[in-house]
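One is the number of the first residue; the rest follow in order along the sequence. Since the structure is predicted, the reported quantities are computational estimates derived from the model, not experimental observations. Below, each value reflects all heavy atoms present in this structure, side chains not excepted, and no hydrogens, waters or symmetry copies.
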Amino acid sequence: HIGKSRILREAGALIRGRGIEFHLVKGNASFGTAYQPFVQLVERVCREAFLKSSKSLHKLLGDDAGSLARYVPWIMRLPEKHRPRCAAPLPPLEERLRFMEAVAAFLGRSTQSHLTVVAIDDVHQVDELSLELIRHLMATFLRANEGTRRPFGHIAFLLAFDSEHAQATSLRHLFDIESIAEKVASASLRPLHVDEARQLASTMLGGAVLSEQVAEVLHQESGGVPGRIEERVRDWVELGTLRTGDGGWYFAHDLDRGHGQAGKVSLEDARRHDVPGESAALAAARRRVEKLPTDARLLASCAAVIGERM
C-alpha cells in the first residue's frame, strides 16, 4: 500500500473535476462474494440511474437484467414493480460467460454518452472470477474499439495492487495477452525516503521544521508510506501531543510521559524520546471509532477480532 490508495483518491478528484465520471471500488476476496468489486460497481451505477428515474434504470439493465440480478442483491431488493425476474442458472462455464458478457454490455450502455474511469484498488485482494472478468472486459473493450461495432462508449480501467503481495506475479500475467499488453501503461510506487517523509510532514504543518530524529522516527514507524505518515501526524495533533503556538509547533509533555515534569519541546529540537509512542496512535484510532455510528462500530469491532483489513 505504498501510497496507491491515496493516489487513486486524488486522481478521482481530478478526473471528476474535468467532468469525467469516476468510480472507485476495492477488491476484498474475504467478503466471499463472487465478482465482488463488480458487484459494487454495478450496484453503484444502478443506484445513480434509479435516482434519476426507473426508466433510466430499466434502459441501463436492458436484456441483461436477469443475469445481473443473480449476482447483485440490490437489484432483487427493488420494489416489486421495478424488480426484474432473476435468470435461471446455467452450467458453471456457461454461467460465467453469461455474467461476464452481461457486465460488458452493462458498462457499454452506461458509457455510451460520456467518458468513464473505473478504478479498482487492491486488485491483489480480488477473487479469481473477478480477475478473469477484468481480463475479459479489457479484451472486449479493445476489440470493440478496433472494429466497427462499439458496445462500449468511452471507458478506461485504472488498477492498483501491492507489488509485494504473493499474487503480484499472477497479476502481471493478467496482461500477457499481446492485444492487451500493447494498451497497458504501468507505474510503480516506492516508499518515501526520510527526507521526503520529513517534507510531507512539514507540508501538513504549514512548513514547520522537523528535527532529523523526529523525521527518522516518523519514517521508521510509517515505512515511508505517505498515507501512514499523514495518519501519524494527524494522530499527534488530534491527541494534543503536537501543538502550535507563537513559537511554532512543539511536542507537549506531562508527568505521564515520563519526562519528570510537564513541559514542551519544539518540533525542530525534538529527539527520539520526545516523539509520542504507538499508544498515541491507538488512542486516536479509538477516538475515531467512537465517532462512528453503532453499526459501523460493530463492523469495526468484528474486523479487529478476525484481523481483517478494512
Side-chain angles (χ1 to χ4, degrees), residues 8 12 16 21-114 116-123 125-134 136-137 140 151-153 155 157 292-303 305-306 308-310:
L8 288 181
R16 291 190 182 103
E21 189 168 327
F22 178 82
H23 295 288
L24 173 60
V25 293
K26 287 178 68 72
N28 195 329
S30 63
F31 282 173
T33 302
Y35 307 107
Q36 176 258 325
F38 292 98
V39 170
Q40 290 181 44
L41 176 62
V42 172
E43 176 177 333
R44 186 174 304 169
V45 176
C46 284
R47 284 179 179 272
E48 293 176 358
F50 193 54
L51 287 175
K52 295 177 182 177
S53 69
S54 58
K55 184 177 180 179
S56 296
L57 176 61
H58 289 303
K59 182 179 179 180
L60 181 62
L61 291 172
D63 295 334
D64 302 296
S67 301
L68 294 171
R70 286 183 53 78
Y71 294 89
V72 184
W74 181 86
I75 296 177
M76 295 307 296
R77 293 197 296 268
L78 285 166
E80 187 173 357
K81 64 179 181 178
H82 301 303
R83 188 186 313 147
R85 178 177 298 179
C86 192
L90 295 175
L93 289 178
E94 295 178 35
E95 179 70 31
R96 285 160 57 186
L97 181 59
R98 179 175 67 177
F99 181 71
M100 288 192 294
E101 291 183 342
V103 173
F106 173 87
L107 290 176
R109 288 187 293 271
S110 71
T111 61
Q112 282 178 351
S113 61
H114 56 271
T116 299
V117 175
V118 174
I120 305 178
D121 193 10
D122 289 342
V123 179
Q125 298 277 15
V126 306
D127 56 280
E128 290 296 328
L129 290 174
S130 293
L131 289 178
E132 185 178 353
L133 179 50
I134 289 172
H136 174 82
L137 290 172
T140 301
F152 283 78
I155 185 169
F157 296 97
L292 296 173
T294 302
D295 290 345
R297 289 202 304 272
L298 177 60
L299 177 61
S301 176
C302 293
V305 171
I306 64 177
E308 183 56 63
R309 300 174 72 175
M310 304 296 287

Output all residues satisfying side chain to side chain donor-acceptor pair (under 3.5 Å) with E95, sequence neighbours left out; order by chain, then residue number.
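For E95 the side chain to side chain donor-acceptor pair (under 3.5 Å) partners, ignoring immediate neighbours, are R70, Y71, R98.
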Checking S54 now: which residues fulfil side chain to side chain donor-acceptor pair (under 3.5 Å) with it, not counting sequence neighbours?
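Side chain to side chain donor-acceptor pair (under 3.5 Å) list for S54, sorted by chain: empty.
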Is the side chain of R16 donor-acceptor paired with the backbone N or O of F22 at a distance under 3.5 Å, no angle test?
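Checked: pair present.
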Is there a side chain to side chain contact (heavy atoms under 4.5 Å, CB included) between D64 and F106? Walk through the geometry before answering.
CA-CA 7 Å; D64 302 296; F106 173 87; 5.6 Å; no
Give, for atom [atom1] of [X] and atom [atom2] of [Y], the distance between the pair rounded to the nearest 0.5 Å.
{"X": "L41", "Y": "Q36", "atom1": "CG", "atom2": "CD", "answer": "11.0 Å"}
{"X": "H58", "Y": "C46", "atom1": "NE2", "atom2": "SG", "answer": "10.5 Å"}
{"X": "F38", "Y": "Q40", "atom1": "CZ", "atom2": "CD", "answer": "10.5 Å"}
{"X": "F99", "Y": "H136", "atom1": "CZ", "atom2": "NE2", "answer": "10.5 Å"}
{"X": "I134", "Y": "M100", "atom1": "CD1", "atom2": "CE", "answer": "12.0 Å"}
{"X": "I155", "Y": "L107", "atom1": "CD1", "atom2": "CG", "answer": "4.5 Å"}

To check you understand the geometry: which heavy-atom pair defines the closest contact between [X] and [Y], and what is its length?
{"X": "L60", "Y": "S110", "answer": "CD1-CB, 3.5 Å"}
{"X": "A34", "Y": "V39", "answer": "O-CG2, 3.7 Å"}
{"X": "A87", "Y": "S67", "answer": "CB-N, 3.8 Å"}
{"X": "G27", "Y": "V126", "answer": "CA-CG1, 3.4 Å"}
{"X": "D122", "Y": "K26", "answer": "OD2-NZ, 2.9 Å"}

Would you indicate whether the side-chain heavy atoms of [Y] and [X] approach each other to under 4.5 Å?
{"X": "I75", "Y": "L68", "value": "yes"}
{"X": "N28", "Y": "P37", "value": "no"}
{"X": "E132", "Y": "Y35", "value": "no"}
{"X": "R44", "Y": "V25", "value": "yes"}
{"X": "H23", "Y": "E48", "value": "yes"}

Pair H82, L57 - check side chain to side chain contact (heavy atoms under 4.5 Å, CB included), show working.
CA-CA 9 Å; H82 301 303; L57 176 61; 5.6 Å; no
Tell me, with the steps shown, if F50 and S56 meet side chain to side chain contact (heavy atoms under 4.5 Å, CB included).
CA-CA 6 Å; F50 193 54; S56 296; over 6 Å; no
Crowded around R77 CZ? As in, over 12 foreign heavy atoms under 6.0 Å?
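For R77, atom CZ is crowded (more than 12 foreign heavy atoms under 6.0 Å).
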Tell me which one of V117, I120, L8 satisfies side-chain contact (heavy atoms from CB on, under 4.5 Å) with L24.
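Result for side-chain contact (heavy atoms from CB on, under 4.5 Å) with L24: L8.
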